[in-house]
Amino acid sequence: MRFQDKVVVVTGAAQGIGEAYARALAAEGASVVVADLNAEAGEQVAGDIGGLFVRTDVSSHESAAALVEATVDRYGGIDGLVNNAAIYGEMQFDLLISVDWDYYRRFMSVNMDGALVMTRAVHPELQKRGGGSIVNQSSTAAYLYSGFYGLAKVGVNGLTQQLAHELGGMRIRGNAIAPGPTDTAATRTQAGDAAKELVKGLALKRMGQPEDMVGACLFLLSDESSWVTGQIIAVDGGQTFRP
Ligand code: NAI
């Protein structure tokens with residue numbers, strides 16, 4: 001019960017990897033806030049784990065502020081934030097050189113800026129608790145050709161490193177997880193049968209499961225990682241090498 005008396009906000013927790021994080025955190029004693037655009041699925045997850053659902057758009061400062069207010073009203077403060085939400089399953093396929101500009105701006109406002117919008121709203125609450133931990137969801141797409149999706153994740157990595165310095169003096173740590181191909185409904189929509197080919201290139205010849213990400217996330221949120229900040233940890237079955 002590493003998270004007894006801790007309050008953790010998980011964005012994009014209505015399904016997929018975020019849902020796995022929310023369930024695992026609740027199982028280890030955390031009060032979990034499920035922050036997602038999808039109210040039906042989000043309410044379901046929050047109900048299952050005895051947590052709180054708050055309909056949230058991570059690209060909106062107003063929505064992020066309302067989330068903080070609702071969380072503090074219910075639980076009295078915040079100790080951890082997982083910036084997992086992204087446009088992914090329903091993402092349009094297009095090139096950087098031709099993608100509709102309005103779509104590109106909206107995409108980046110969620111997939112890259114969303115982590116910053118949420119961090120700006122939540123960090124004063126972490127500071128009030130004497131510190132806290134933020135985990136951003138990156139992707140191995142940041143290291144591979146994947147167009148604007150990968151570009152947003154490069155931004156998430158940069159944000160993680162820069163914010164670690166801005167927040168370190170407040171005893172707030174910031175790290176990221178870069179999952180490899182993970183078997184969620186969104187990946188099945190995106191990759192379909194191509195995922196089977198992808199798996200052949202991994203050191204470990206299987207897709208990741210949402211539960212494979214949980215160990216790293218809970219480690220980074222917990223005091224076990226109290227001197228770890230600004231890091232991007234690949235949990236990818238050996239998909240990528242980095243110097
Ligand atoms: P998913 O599409 O199943 O879950 C994303 C969640 O974010 C959904 O519940 C969606 O409603 C929510 N969301 C979307 N826009 C939002 C917004 N503006 N505000 C609040 N919530 C919003 O995706 P999955 O597969 O669970 O991935 C989760 C995260 O992991 C994403 O950041 C994704 O980029 C990343 N990732 C996923 C991989 C995979 O293979 N599944 C691999 C590497 C990274």
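Start at 1 and go down the list; that is how both ligands and their atoms are numbered.
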A.B. asks: At a 4.0 Å threshold, what atoms of ligand 1 neighbour a non-hydrogen atom of Gly16?
C.D. replies: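 Under 4.0 Å from Gly16, ligand 1 has these atoms: 26 (O).
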A.B. asks: Any atom of ligand 1 sitting under 4.0 Å from a heavy atom of Asp36?
C.D. replies: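 The answer is yes: ligand 1 sits under 4.0 Å from a heavy atom of Asp36.
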A.B. asks: Just going by heavy-atom distances, which of Asn84, Ile177, Asn83 is nearest to atom 29 (C) of ligand 1?
C.D. replies: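 Selected option, by shortest heavy-atom distance: Asn84.
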A.B. asks: Is there a path of hydrophobic side-chain contacts, each under 4.5 Å between heavy atoms, that joins Val33 and Ile172?
C.D. replies: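 Yes: a chain of side-chain contacts under 4.5 Å links Val33 to Ile172.
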A.B. asks: Hey, are Asp236 and Thr140 close enough side-chain-wise for a donor-acceptor pair under 3.5 Å?
C.D. replies: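 Note: Thr140 and Asp236 side chains miss the donor-acceptor criterion.
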A.B. asks: Using side-chain heavy atoms (C-beta onward) and a distance below 4.5 Å, is Met108 in contact with Leu151?
C.D. replies: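 Answer yes - side chains close enough.
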A.B. asks: Report the part of Pro181 in contact with ligand 1, treating N, CA, C, O as backbone and CB onward as side chain, heavy atoms under 4.0 Å; options are side chain, backbone, both, neither.
C.D. replies: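 For Pro181, only backbone atoms sit under 4.0 Å from ligand 1.
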A.B. asks: Looking only at protein heavy atoms, which one is nearest to atom 22 (C) of ligand 1, and how far off is it?
C.D. replies: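 Atom 22 (C) of ligand 1 sits closest to the protein heavy atom Ala85 CB, 3.7 Å.
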A.B. asks: Got a donor-acceptor contact below 3.5 angstrom from the Asp79 side chain to the Gly132 backbone?
C.D. replies: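 No, the answer is negative, given that no donor and acceptor are paired below the 3.5 Å cut-off.
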A.B. asks: How many angstroms lie between OG1 in Thr56 and CG in Leu37, if you round to the nearest 0.5 Å?
C.D. replies: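 The distance works out to 8.0 Å.
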A.B. asks: For atom 7 (O) of ligand 1, find the nearest protein heavy atom and state the residue, atom name and distance (0.1 Å precision).
C.D. replies: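 Scanning the protein heavy atoms, the shortest distance from atom 7 (O) of ligand 1 goes to Gly12 CA, 3.4 Å.
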A.B. asks: Quick one: does any side-chain atom of Asn175 pair with a main-chain N or O of Gln231 as donor and acceptor, under 3.5 Å?
C.D. replies: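 Answer holds: yes.
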A.B. asks: Which atoms of ligand 1 have any heavy atom of Tyr149 under 4.0 Å away?
C.D. replies: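 The list of qualifying atoms is 33 (C), 34 (O), 35 (C), 36 (N), 44 (C).
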A.B. asks: Measuring from atom 26 (O) of ligand 1, which candidate in Val156, Ile17, Val45 has the nearest non-hydrogen atom?
C.D. replies: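 Looking at heavy atoms only, Ile17 sits closest to atom 26 (O) of ligand 1.
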A.B. asks: Tell me, do Glu19 and Pro210 make a side-chain contact under 4.5 Å, heavy atoms counted?
C.D. replies: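 Heavy-atom side-chain distance check fails, nothing below 4.5 Å.
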A.B. asks: For Thr182, take its heavy atoms, then give the atoms of ligand 1 lying under 4.0 Å from any of them.
C.D. replies: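 Near Thr182, the atoms of ligand 1 are 39 (C), 40 (O), 41 (N).
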A.B. asks: Checking one residue: Ile49. Which other hydrophobic residues are in its cluster under the side-chain 4.5 Å linking rule?
C.D. replies: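 Its cluster partners, ordered by chain and number, are Phe3, Val8, Val10, Ile17, Tyr21, Leu25, Val32, Val34, Val45, Phe53, Val82, Val135, Ile177, Met213, Val214, Leu218, Phe219, Leu220, Leu221, Val228, Ile233, Val235.
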A.B. asks: Any idea which part of Ser138 is under 4.0 Å from ligand 1, heavy-atom wise: side chain, backbone, both or neither?
C.D. replies: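 For Ser138, the contact with ligand 1 is made by the backbone alone.
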A.B. asks: Side chain, backbone, both or neither: which applies to Thr187 and ligand 1 if a contact is any heavy-atom pair less than 4.0 Å apart?
C.D. replies: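 Just the side chain.
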A.B. asks: Counting non-hydrogen protein atoms only, what is the nearest one to atom 19 (N) of ligand 1? Give residue, atom name and distance.
C.D. replies: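 Answer for atom 19 (N) of ligand 1: Val58 N, 3.1 Å.
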A.B. asks: Tell me, which protein residue and heavy-atom name are nearest atom 20 (C) of ligand 1, and how many Å apart are they?
C.D. replies: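 Here the closest protein heavy atom is Thr56 O, 3.1 Å.
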A.B. asks: Which atom names give the shortest non-hydrogen contact between Asp36 and Ala13, and what distance separates them?
C.D. replies: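 For Asp36 and Ala13, the tightest heavy-atom pair comes out as OD2-N, 3.3 Å.
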A.B. asks: Number the atoms of ligand 1 from 1 as they appear, then name those within less than 4.0 Å of a heavy atom of Asp57, with their elements.
C.D. replies: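 Atoms satisfying the 4.0 Å criterion: 17 (C), 18 (N), 19 (N).
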A.B. asks: Determine, for Glu125 against Arg129, whether the closest basic-nitrogen to carboxylate-oxygen distance falls under 4.0 angstrom.
C.D. replies: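 Salt bridge absent between Glu125 and Arg129.
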A.B. asks: Just heavy atoms, cut-off under 4.0 Å: does Thr11 contact ligand 1 by side chain, backbone, both, or neither?
C.D. replies: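 The answer is neither.
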A.B. asks: Could you see which bit of Lys153 sits under 4.0 Å from ligand 1, with heavy atoms only: side chain, backbone, both or neither?
C.D. replies: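 Lys153 to ligand 1: side-chain contact only, backbone stays beyond 4.0 Å.
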A.B. asks: Can you name the atoms of ligand 1, numbered from 1 with element, that are less than 4.0 Å from a heavy atom of Val110?
C.D. replies: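 In order of numbering, the contacting atoms are 15 (N), 18 (N).
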A.B. asks: For Gly12, does its backbone N or O pair with a side-chain atom of Asn84 as donor and acceptor, under 3.5 Å?
C.D. replies: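 Checked: pair present.
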A.B. asks: What is the closest protein heavy atom to atom 16 (C) of ligand 1, and at what distance does it sit?
C.D. replies: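 Checking every protein heavy atom, the shortest distance to atom 16 (C) of ligand 1 gives Leu37 CD1, 3.7 Å.
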A.B. asks: At what distance, to the nearest 0.5 angstrom, does NZ of Lys153 lie from CG of Leu144?
C.D. replies: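 These two atoms lie 13.5 Å from each other.
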A.B. asks: Flag Ala13 as yes when one of its N or O atoms lies below 3.5 Å from any N or O atom of ligand 1, and as no otherwise.
C.D. replies: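 No.
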A.B. asks: Of all the non-hydrogen atoms in the protein, which one sits nearest to atom 5 (C) of ligand 1, and at what distance?
C.D. replies: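 Looking at atom 5 (C) of ligand 1, the protein heavy atom closest to it is Ala86 O, 3.8 Å.
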A.B. asks: Between Arg106 and Asp57, does at least one N-O distance fall below 4.0 Å, as a salt bridge requires?
C.D. replies: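 Yes, this pair counts.
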A.B. asks: Can you list the ligand 1 atoms lying under 4.0 Å from a non-hydrogen atom of Ala186?
C.D. replies: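 Answer for ligand 1: 1 (P), 2 (O), 3 (O), 23 (O), 25 (O).
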A.B. asks: Within ligand 1, which atoms have a heavy atom of Thr184 less than 4.0 Å away?
C.D. replies: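 Every atom of ligand 1 under 4.0 Å from some heavy atom of Thr184: 24 (P), 25 (O), 26 (O), 41 (N).
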A.B. asks: Are the side chain of Ser139 and the backbone N or O of Ala142 linked by a donor-acceptor pair below 3.5 Å?
C.D. replies: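 No, Ser139 side chain to Ala142 backbone: no donor-acceptor pair under 3.5 Å.
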A.B. asks: Can you pull the ring-ring contact (aromatic ring centres under 6.0 Å, His included) pairs that have at least one residue in residues 140-180, sequence neighbours excluded?
C.D. replies: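 Passing the test, one end in residues 140-180: Tyr88-Tyr149, Phe107-Phe148.
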A.B. asks: Suppose we measure from atom 42 (C) of ligand 1 to each protein heavy atom; which comes out shortest, and what is that distance?
C.D. replies: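 Here the nearest protein heavy atom works out to Gly180 O, 3.3 Å.
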A.B. asks: Which option out of Gln15, Met118, Glu19 puts a heavy atom nearest to atom 3 (O) of ligand 1?
C.D. replies: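 Looking at heavy atoms only, the winner is Gln15.
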A.B. asks: Under 4.0 Å from a heavy atom of Gln137: give me the atoms of ligand 1 that qualify, with their elements.
C.D. replies: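 Listed by number with element, the hits are 29 (C), 30 (O), 32 (O), 35 (C).
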